[in-house]
Amino acid sequence: MKNLLTSFLFLCIIFLTGALQRATALTAQNIQDSTLIYYQSIVEIKDVNTTAHAFEFFEKAYQKALEKTDFINAAYNLELISLGQFKMGFYYESEATTIQALNLLNQLDDSNTVEPKKRLNNQLGMLYRKIKDYDNSMFFYEKALELDTSLIEKIAIITNIANLQSDHNHFQTAVDQLIPYYSQALTVEDSNIKANYFDNLGYYQSMIGDPNGFPNMDMAVEIREKLQDLTGLFSSYRHLALYYDNIGNKRKAQEYVSKVNNISDTIKSPLYRLEALKLSLEQDYSPKFKNYIELSSSIESERIGRENNYAAIKYNINETQKKFKESQIEVEKQKQLSLLYFFTGLILLLLLVFLYFFLKTKHKKDKLIQVYNTEKRISKKIHDEVANDVYQVMSKLQSGISPKEDFLDDLEHIYIKTRDISKENESINLDEDFGIVLTNLFQDYNNEKVRVLTKNLNTIHWISISDFKKAALYRVLQELMTNMKKHSLASFVVISFTKMEGCLMITYSDNGIGCHLKKQSGLRNTENRIQDVNGTITFESESEKGFKAKITL
């Protein structure tokens with residue numbers, strides 16, 4: 001019995017769970033179905049009672065979205081309410097609702113707000129046109145166009161701007177604005193926008209005597225009758241009534257006036273009934289009555305304009321305040337960027353100053369090291385080459401064995417060595433023509449035993465070569481010539497100069513005994529000097545096959 005009771009309770013739970021899930025699904029489905037029905041009842045008004053319920057439905061949806069701070073959905077529900085109010089002729093209410101929706105969207109900095117903002121600005125443009133506030137109407141149309149507008153939306157807005165021109169009886173200007181979009185409008189899938197475009201274009205064409213006017217209005221009627229769009233048909237029938245009245249076909253004009261009256265009775269909006277009544281009475285051709293209607297309309301428009309203008313002014317003030325705040329934020333950002341740039345520049349300047357003094361100190365240190373190494377090298381050379389020879393001469397003098405002529409030869413040999421050491425370490429005069437400086441260098445090694453030849457030395461434009469490179473080249477060539485004189489036993493030396501592809505190439509070759517390349521201190525010095533000026537030097541030598549060096553600067 002206990003097991004049976006447990007099973008029964010379990011089945012009940014399953015049943016209740018399933019029923020709850022089904023109820024939830026049905027509720028969601030009903031909400032979705034209701035949304036679609038009420039949406040259609042606003043976009044295409046067919047039953048005013050359903051449209052009235054749609055206002056309540058979307059008002060509740062707006063409140064729920066607002067509680068969740070979902071401003072985009074809240075604004076969308078307000079947009080639908082505003083559209084329905086506009087189509088029902090409640091212009092003042094529609095304007096207030098539209099501005100309320102825009103204020104919600106203006107609180108967001110989101111790309112998803114661009115599309116609804118376009119539609120709402122266009123909506124305000126239509127509203128202000130209805131109450132003959134043409135300046136505000138054009139302002140909001142242009143504002144809608146400033147946003148990234150698609151072709152369909154652009155056609156809708158251009159059509160509305162053309163309507164403004166028609167209100168001033170500038171029908172030709174209105175046609176000129178619409179005609180460029182004719183072929184594109186034919187491809188538009190949105191039937192409401194398409195019907196609105198061709199209805200207005202056709203009417204304006206008929207007002208300037210263009211025979212294409214009637215076919216375009218007729219196309220719009222077919223679309224709207226298929227959609228059963230009452231507010232759209234109201235506009236189409238009104239235009240056709242005016243068209244037939246204008247061409248003198250009173251019977252046809254009355255036929256469409258009757259259709260206008262029937263739709264106004266269905267919509268049950270006072271403004272639509274007033275517009276239908278006005279159209280009917282205009283057929284009586286009473287000038288005084290026409291004046292009365294125009295004056296009455298003007299007074300009513302002025303009254304509504306004053307009321308609505310307050311909302312527009314308030315909205316514009318809010319917009320101005322928002323832009324002012326944005327500009328203040330932008331100014332603050334610019335100040336911060338300026339401070340950032342200033343401190344970045346200051347830090348860079350301090351780094352450059354530090355780098356300058358660091359490099360200067362390093363250069364000074366390098367110069368001291370170079371002087372020390374030079375002095376050390378000269379000291380060693382004097383000790384190894386001169387001091388030893390002097391000591392030998394002193395020994396000979398003490399022994400008294402060698403003749404006087406031998407002493408003179410030894411002294412001359414010491415003199416030549418001293419002169420060579422002096423030549424190797426003398427400063428280079430880079431102020432005169434460097435070609436002459438090199439010629440003088442080579443001439444010092446040119447004698448009856450060694451023939452030194454140069455090729456293309458006079459063709460080189462030495463002014464284009466920096467002093468650092470010229471000084472390095474001089475010392476390297478001097479080192480090569482000294483090595484040749486001391487070790488190679490060469491009788492012939494050729495030094496060739498070539499300028500090619502922005503580089504200077506110098507080739508040294510002699511016919512001496514050659515050597516095994518072990519890169520002794522002399523060769524290492526030449527490599528270091530050339531590398532210091534971003535050049536290259538290579539050596540080539542074999543025993544009894546001479547010595548070659550190739551320098552590139």
Side-chain angles (χ1 to χ4, degrees), residues 65-66 68-76 99-121 139-140 142-150 312-374 428 430-431 462-473 475 501-504 527-536 552-553:
L66 202 59
K68 297 177 182 178
T69 64
D70 185 357
F71 291 158
I72 290 180
N73 270 327
Y76 176 71
I99 289 175
Q100 188 180 356
L102 272 173
N103 284 329
L104 280 176
L105 294 175
N106 285 336
Q107 296 179 48
L108 303 173
D109 186 15
D110 191 336
S111 60
N112 293 326
T113 64
V114 174
E115 292 298 323
K117 279 182 178 179
K118 279 189 285 190
R119 296 193 300 267
L120 290 166
N121 278 293
F139 171 80
F140 284 104
E142 289 176 348
K143 199 164 186 179
L145 278 176
E146 284 173 7
L147 298 166
D148 187 17
T149 308
S150 66
I313 291 169
K314 188 176 178 181
Y315 173 73
N316 286 331
I317 289 171
N318 289 338
E319 281 280 276
T320 304
Q321 288 175 342
K322 182 187 175 187
K323 287 179 181 177
F324 176 73
K325 287 179 182 178
E326 288 174 353
S327 67
Q328 289 293 99
I329 292 169
E330 189 63 30
V331 168
E332 192 61 33
K333 284 182 181 177
Q334 289 299 326
K335 283 183 181 178
Q336 291 175 359
L337 279 174
S338 298
L339 286 172
L340 179 64
Y341 293 151
F342 172 76
F343 285 113
T344 303
L346 184 62
I347 291 168
L348 285 174
L349 180 62
L350 291 173
L351 284 173
L352 287 172
V353 170
F354 171 77
L355 185 63
Y356 168 76
F357 284 107
F358 172 77
L359 292 175
K360 188 176 180 181
T361 305
K362 185 176 182 299
H363 178 69
K364 188 175 180 180
K365 184 179 178 181
D366 290 343
K367 289 289 285 184
L368 289 172
I369 292 171
Q370 187 179 355
V371 169
Y372 170 77
N373 289 334
T374 302
I428 307 166
L430 297 174
D431 293 330
W462 294 104
I463 295 175
S464 63
I465 298 172
S466 69
D467 288 348
F468 294 108
K469 288 186 177 181
K470 286 189 282 191
L473 177 61
R475 292 301 183 196
E501 297 180 0
C503 295
L504 175 63
E527 277 193 333
N528 292 336
R529 287 183 188 276
I530 293 300
Q531 287 173 0
D532 286 343
V533 292
N534 298 321
T536 59
T552 303
L553 294 176

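Source: prediction; values computed, not measured.
With sequence neighbours excluded, no residue forms a side-chain contact (heavy atoms from CB on, under 4.5 Å) with Ser338. For the side-chain contact (heavy atoms from CB on, under 4.5 Å) test, residues two or more places apart in sequence or in another chain that qualify with Asn112 are Ile72, Asp110. Among residues two or more places apart in sequence or in another chain, the salt bridge (charged side-chain N to carboxylate O under 4.0 Å, His left out) test is passed with Lys470 by Asp467. In this structure, the side-chain contact (heavy atoms from CB on, under 4.5 Å) partners of Thr552, at least two apart in sequence or on a different chain, are Cys503, Met505, Thr536. Residues satisfying the side-chain hydrogen bond (donor to acceptor under 3.5 Å, both in side chains) test with Asn73, not counting sequence neighbours, are Asp70.
With contacts defined as side-chain heavy-atom distances shorter than 4.5 Å, the pair Lys469/Asn534 does not qualify. When side chains are defined from C-beta on, Leu350 does not count as touching Phe354, because their heavy atoms never get closer than 4.5 Å. With a 4.5 Å cut-off on side-chain heavy atoms, Ile99 and Leu120 do not count as touching.
Of all heavy-atom pairs between Gly535 and Leu553, the closest is CA-CD2, 4.2 Å. In this structure, Ala74 and Ala65 approach most closely via the heavy-atom pair N-CB, 3.6 Å. Residues Phe71 and Leu108 come closest through the heavy atom pair CB-CD1, 3.8 Å.
Within 6.0 Å of the CG atom in Leu337, the count of heavy atoms belonging to other residues, nucleotides or ligands exceeds 12.
Atom-to-atom distance recorded for Leu355:CG and Phe358:CZ is 8.0 Å, nearest 0.5 angstrom. We find the CZ-CG distance between Phe468 and Leu473 to be 15.0 Å, quoted to the nearest 0.5 Å. Here the CG atom belonging to Leu349 is positioned 13.5 Å from the CZ atom belonging to Phe343, to the nearest 0.5 angstrom.
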Run the numbers on Asn121 and Leu102 for side-chain contact (heavy atoms from CB on, under 4.5 Å), then give the verdict. CA-CA 8 Å; Asn121 278 293; Leu102 272 173; 4.2 Å; yes
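Between Lys143 and Glu146 there is no salt bridge, since no side-chain N of the basic residue sits under 4.0 Å from a carboxylate O of the acidic one.
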